[in-house]
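Written out below as structure tokens is the structure these notes cover.
Note that this is a predicted model, so its numbers are computed, not measured.
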Amino acid sequence: MKYKALKGVQDLIPPEIELWQHIEDVSKAVFKVYGYKELRVPIIESTDIFLRSIGETTDIVEKEMYTFPDKAGRSITLRPEGTAPVVRAFIEHNLFNLNPPQKFYYHGPMFRYERPQAGRFRQFYQIGVEAFGIDDPKLDAEIICMLRHTLEEMGLTGLEFELNSIGCSNCRPKYRESLKEFLSGRLVRLCPDCQRRFELNPLRIMDCKVTGCIELRQGAPRVIDFLCEDCRNHFDKLKDYLQLLNVSFAVNPDLVRGLDYYTKTTFEVTTTSLGAQKAVAAGGRYDRLVEEFGGPPTPAIGFAIGAERIASLLKDNYVYQSSGPVIFFATLGGEASATALKIADSLRTKGLYIEVGYDVMSLKSQMKRADRLGALYTVILGEDELKSGKAILRDMQTKKQSDIPIDAIEENFLNRIVA
RNA sequence: GUGAGUGUAGCUCAAUGGUCAGAGCACUGGACUGUGGCUCCAGGGGUUGUGGGUUCGAGUCCCAUCACUCACCCCA
């Protein structure tokens with residue numbers, strides 16, 4: 001094959017595309033009742049937008065970004081995630097002047113240069129939301145509740161909600177030091193990856209799956225125990241609200257987000273029915289990012305849903321809805337074909353789904369096509385029918401046929417639909 | 001970036017190193033000169049991912065390369 005899609009990217013084609021439309025439609029409908037407005041931001045941004053927000057030492061920035069110079073030599077990056085561009089747009093258009101909270105959603109492709117595997121692609125689709133201007137844990141609860149609502153509405157079941165608080169700029173550094181102190185004596189016995197994490201992101205060590213590391217970190221300090229009063233209150237209230245809203249969740253003290261900008265609340269939704277890439281949505285609070293981007297101090301929280309993973313969970317049980325044409329015109333001969341085409345065109349302008357056969361096809365193959373398409377009726381129109389002025393109307397379900405005056409076809413079907 | 005596995009028809013897969021590479025599904029046609037689903041029959045469709053090598057002989061063995069898959073790192 002001469003041309004193929006690039007590694008890690010994929011075409012979405014019928015009928016599967018319908019599932020994707022379902023996922024987008026449901027999320028839009030649910031977001032709407034929570035007051036979220038759509039925001040469309042470019043898929044390319046200045047590279048430094050991601051350097052500053054995601055963190056220069058994260059893997060995303062270090063090795064996963066599609067970065068290239070444009071024709072004027074500026075460094076451009078295909079967005080690896082949606083929060084940074086939304087924050088940039090939020091500040092650029094002074095959206096903080098609106099009454100808080102300012103609530104937005106977006107959906108579209110993201111790009112990361114990674115080795116593809118199950119549930120991971122180089123171009124992947126996220127549906128995300130961001131809410132600005134309120135640091136009340138009620139907003140955290142609302143947004144997590146909205147996420148649950150969205151996923152359930154899409155038809156997902158058996159999801160697990162995990163929750164954590166990773167503190168703020170007051171309490172996290174203290175925890176980080178305490179953790180490093182605890183681990184420093186055991187450093188040489190940790191796996192090579194964790195030895196690297198020790199300097200880079202020691203919190204990640206708590207997430208390591210190597211059995212030796214799991215044993216070594218027994219009794220390690222937990223971030224939850226280091227929260228300052230503000231963070232602790234926030235987290236406690238959030239849990240209360242979630243209980244009030246009947247959202248079942250598990251506190252996972254080891255839930256660490258990969259991006260630098262998160263503060264306080266972090267959460268993740270996982271499923272047991274995918275492979276290693278089992279997170280279907282994740283998010284958290286980022287109270288400092290807007291200010292760091294040059295905007296006014298603005299607390300914020302958001303999440304993103306991984307559309308590929310949702311699609312792969314839903315695809316086996318999804319029932320495709322696409323309905324067939326009301327009429328299939330099976331014609332024989334040029335004159336009949338022209339007559340049918342004209343009637344079909346007229347009915348289509350009235351909003352009816354009509355298909356016509358083409359002259360190269362035998363009647364048999366036209367009938368077959370009508371059947372495959374799921375047509376309700378087939379109108380058979382040949383030279384005999386033109387002569388008598390009456391076409392054959394075949395009900396595809398009952399196989400019953402009757403004559404119908406050619407002049408009356410249009411009116412007949414328009415009335416049928418109205419009635 | 002690391003590791004393992006797999007590349008044969010549109011799809012799912014066969015073929016102890018030995019004729020000119022097969023089957024099911026799908027597609028087209030016929031049985032039914034102008035009537036769909038079921039059945040039967042026939043037909044079209046392949047540079048066996050690509051390039052080298054070993055051999056009298058390679059889909060099969062070896063090397064390289066590309067792609068796909070899964071996992072690691074990391075992450076939705």
Side-chain angles (χ1 to χ4, degrees), chain A residues 1-10 54-55 57-65 79-83 107 109-128 147 151 191-194 196-197 200-201 204 207-210 255-259 267-271 274-284 302-313 324 328 330-333 336 357 360-385 391-401:
Chain A
M1 210 174 299
K2 196 172 179 185
Y3 294 115
K4 294 175 72 176
L6 295 173
K7 181 197 279 281
V9 307
Q10 55 181 347
I54 297 170
T57 61
T58 59
D59 267 41
I60 292 181
V61 165
E62 281 184 344
K63 53 181 205 190
E64 294 175 2
M65 293 207 306
R79 62 181 186 192
E81 56 106 38
T83 299
H107 58 96
M110 308 292 163
F111 304 84
R112 288 183 201 171
Y113 194 86
E114 305 179 272
R115 281 281 279 273
Q117 70 184 75
R120 167 184 289 168
F121 306 89
R122 289 186 170 178
Q123 175 174 342
F124 57 100
Y125 289 80
Q126 284 192 340
I127 301 168
L147 175 57
L151 296 172
C191 72
D193 283 326
C194 281
R196 210 167 43 82
R197 290 172 179 136
L200 221 56
N201 191 350
R204 274 255 163 241
D207 208 22
C208 183
K209 293 156 201 100
V210 176
L255 178 66
V256 181
R257 308 273 67 228
L259 281 49
F267 54 93
E268 187 166 289
V269 184
T270 57
T271 170
L274 288 178
Q277 309 305 319
K278 63 196 177 82
V280 299
F303 67 72
I305 298 171
E308 282 79 5
R309 296 178 187 177
I310 305 289
S312 104
L313 284 172
F328 185 99
T331 59
L332 290 162
V360 290
M361 301 166 83
S362 66
L363 180 60
K364 187 185 178 75
S365 64
Q366 292 185 64
M367 293 300 293
K368 201 179 226 176
R369 181 167 156 77
D371 180 49
R372 297 277 163 85
L373 288 168
L376 295 176
Y377 296 92
T378 298
V379 169
I380 298 163
L381 200 53
E383 282 163 21
D384 296 347
E385 287 74 22
I392 299 168
L393 177 67
R394 182 181 176 88
D395 183 321
M396 294 301 278
Q397 233 101 63
T398 64
K399 301 170 84 165
K400 278 183 185 154
Q401 299 195 164

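In this entry the distance linking CD of E114(A) with P of C75(B) reads 9 Å, nearest Å. M367(A) places its CE atom 13 Å from the C1' atom of C32(B), with the value rounded to the nearest Å.
Taking the ring centre of F111(A) as origin, the terminal cationic atom of R122(A) falls outside the region bounded by 6.0 Å and 45° from the ring axis.
For G37(B), its base never sits under 3.5 Å from the side chain of R372(A) at any donor and acceptor pair. The base of G1(B) has none of its N or O atoms less than 3.5 Å from a complementary donor or acceptor on the side chain of E64(A). Between the side chain of Q401(A) and the base of U35(B) there is at least one donor-acceptor pair of N/O atoms closer than 3.5 Å. Applying the 3.5 Å distance criterion, the base of C73(B) shares a donor-acceptor pair with the side chain of K63(A).
A donor-acceptor contact shorter than 3.5 Å links the side chain of R112(A) to the backbone of P80(A).
An OP1 or OP2 oxygen of C70(B) is reached within less than 4.0 angstrom by no side-chain nitrogen or oxygen of Q117(A).
Results of the side-chain contact (heavy atoms from CB on, under 4.5 Å) test with Q401(A) over L393(A), I392(A), T378(A) single out I392(A) as the only residue that passes.
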Handout entry: Steps toward side chain to side chain contact (heavy atoms under 4.5 Å, CB included) verdict (M367(A), I380(A))
Key = CA-CA 9 Å; M367(A) 293 300 293; I380(A) 298 163; 4.3 Å; yes
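The side chain of Q277(A) lies closest to C74(B), out of C32(B), G34(B), C74(B). Here the nucleotide nearest the side chain of K364(A), chosen from C75(B), A31(B), A71(B), is A31(B). Nearest nucleotide to the side chain of D371(A), out of G37(B), C70(B), A76(B): G37(B). When the nucleotides A67(B), G29(B), G36(B) are ranked by their closest atom to the side chain of K7(A), A67(B) comes out on top. Set against U69(B), A76(B), U35(B), the side chain of Q126(A) has A76(B) as its closest nucleotide.
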All N/O contacts under 3.5 Å from nucleotides 3-5 of chain B to the protein, with atom names and distances to one decimal?
{"from": "G3(B)", "atom 1": "O6", "to": "R115(A)", "atom 2": "NH2", "distance (Å)": "3.1"}

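Nucleotide G22(B) is matched to C13(B) when pairs are restricted to Watson-Crick or G-U wobble geometry with both distances under 3.5 angstrom.
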